[in-house]
Amino acid sequence: EKDFKSSIKGWTIKDVIVPSELTDIWQHSTTYGYVGSAFANDSSYTAESWLISPELDLSTATQATVAFNQCFNKGAADNLFADCIVKVTKDGNTWDTLEVKTMPDGTSWTFVLTENIDITKYISDKFQIAFVYKSLSGNAPKWEIDLVKIVGDGEPIIEEETHITNTPETAYTVSEA
């Protein structure tokens, strides 16, 4: 279990679309965790950015879950599932969208802890999870994530205080489940 307010090592940010008016989509806040937004200067911009975990070795686990604490606001609530997407991979190439049932209402700054989402079918030695922020001109929500918990066979997978960087190769430490 990691509190994103103190940040997590080994995670990377992959910017797909960043308008010239912005420098970053995902930003770290010691108050709110990681904040994704493409709103600046009273304008919403088209953007896409991925916050990606390091490869985690879940290969010894027989069951695995993920849960995270999130807040969503300032976007169109009916676009919540299109703007804030959680993806997983077990090979680094094919990313599947996770179904997240417990979501914030999209109109407040209240954090909501998701249910424990079963990721057992993604168990591998190269498991990754990504939080994908997307926005369109005229609709740029703010998505805040301040806790991520990945568990294999009832034991936490990530155990070290760490930080997220914009570099693709960062050291990380995981435990064996």
Side-chain angles (χ1 to χ4, degrees), residues 1-56 65-75 77 79-81 83-88 98 100 102-117 119 127-135 139-152 155-175:
E1 181 174 312
K2 286 295 150 203
D3 181 340
F4 264 29
K5 292 174 188 164
S6 59
S7 68
I8 297 181
K9 183 193 319 188
W11 290 63
T12 58
I13 296 169
K14 178 182 176 187
D15 290 326
V16 178
I17 301 169
V18 179
S20 61
E21 295 85 357
L22 302 173
T23 55
D24 296 305
I25 304 304
W26 284 105
Q27 296 180 2
H28 181 257
S29 163
T30 56
T31 304
Y32 305 109
Y34 273 84
V35 179
S37 180
F39 184 84
N41 305 316
D42 292 324
S43 296
S44 298
Y45 298 97
T46 299
E48 180 177 344
S49 186
W50 293 47
L51 182 61
I52 306 170
S53 76
E55 288 182 353
L56 302 174
T65 61
V66 63
F68 50 93
N69 205 25
Q70 64 178 335
C71 168
F72 173 86
N73 201 350
K74 301 297 182 185
N79 284 347
L80 179 60
F81 293 101
D83 296 336
C84 304
I85 304 163
V86 182
K87 294 196 172 266
V88 292
L98 279 185
V100 181
T102 308
M103 297 291 279
D105 66 13
T107 61
S108 74
W109 296 113
T110 302
F111 278 89
V112 173
L113 182 63
T114 67
E115 72 278 12
N116 288 323
I117 303 163
I119 54 172
F127 171 83
Q128 289 179 284
I129 187 167
F131 297 95
V132 182
Y133 174 92
K134 291 184 175 185
S135 64
N139 181 40
K142 186 173 275 192
W143 189 19
E144 300 174 1
I145 300 169
D146 80 343
L147 174 82
V148 175
K149 180 179 180 182
I150 299 173
V151 174
E155 297 295 323
I157 300 300
I158 300 172
E159 293 187 334
E160 181 182 343
E161 284 300 322
T162 57
H163 67 282
I164 295 178
T165 68
N166 280 312
T167 57
E169 297 189 30
T170 303
Y172 60 93
T173 300
V174 296
S175 67

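Looking at every heavy atom in both residues, D105 comes nearest to T107 through OD1-N, 2.7 Å. Nearest heavy atoms, V35 versus S29: CG2-CB, 4.3 Å. Taking each heavy atom of M103 and Q70 in turn, the nearest pair found is SD-NE2, 3.2 Å. In terms of heavy-atom proximity, L56 sits nearest to I150 at CD1-CD1, 3.6 Å. Closest approach of P104 and T110 over heavy atoms only: CB-O, 4.2 Å. Among all heavy-atom pairs drawn from P19 and I25, the shortest one is CD-CD1, 4.4 Å.
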(request) Report the C-alpha distance between N139 and S44 in whole Å, list the side-chain angles of each, state the deciding distance to 0.1 Å, and finish with yes or no for side chain to side chain donor-acceptor pair (under 3.5 Å). (result) CA-CA 6 Å; N139 181 40; S44 298; over 6 Å; no

(request) With ring-ring contact (aromatic ring centres under 6.0 Å, His included) as the test, would you mind laying out the steps for F68 and F131 before giving the verdict? (result) CA-CA 10 Å; F68 50 93; F131 297 95; 5.0 Å; yes

(request) Apply the test side chain to side chain contact (heavy atoms under 4.5 Å, CB included) to residues L147 and L113: give CA-CA distance (whole Å), side-chain angles for both, the deciding distance (0.1 Å), then the verdict. (result) CA-CA 8 Å; L147 174 82; L113 182 63; 4.1 Å; yes

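W26 and W11 have their aromatic ring centers separated by at least 6.0 angstrom.
One distance of note links CG of D24 with CG of D15; it measures 6.5 Å at 0.5 Å rounding. Rounding to the nearest 0.5 Å gives a distance of 5.5 Å between CD1 of I117 and CG of L98. To the nearest 0.5 Å, atoms CZ (F39) and CG (L22) are separated by 10.5 Å. Interatomic distance, OG of S37 versus OH of Y133, reported as 4.5 Å (0.5 Å rounding).
For V132, the side-chain contact (heavy atoms from CB on, under 4.5 Å) partners at least two apart in sequence or on another chain are E48, W50, I85, K87, A130, K134. Evaluation of the side-chain hydrogen bond (donor to acceptor under 3.5 Å, both in side chains) rule for S135 yields no partner, not counting sequence neighbours. Annotation: side-chain hydrogen bond (donor to acceptor under 3.5 Å, both in side chains) contacts of T102 (sequence neighbours excluded): E115.
Side chains of N116 and V151 form no contact here, defined as non-hydrogen atoms less than 4.5 Å apart. Residues N69 and I145 are not in side-chain contact: their nearest non-hydrogen atoms beyond the backbone lie 4.5 Å or more apart. Taking 4.5 Å as the limit, every side-chain heavy atom of F72 sits out of range of all side-chain heavy atoms of E144. Under the 4.5 Å side-chain criterion, counting only non-hydrogen atoms from C-beta, Q128 is in contact with I52. Two residues are said to be in side-chain contact when any heavy atoms from C-beta on lie closer than 4.5 Å; Y32 and C71 fail this criterion.
For N41 and S43, the side-chain atoms include no donor-acceptor pair closer than 3.5 Å.
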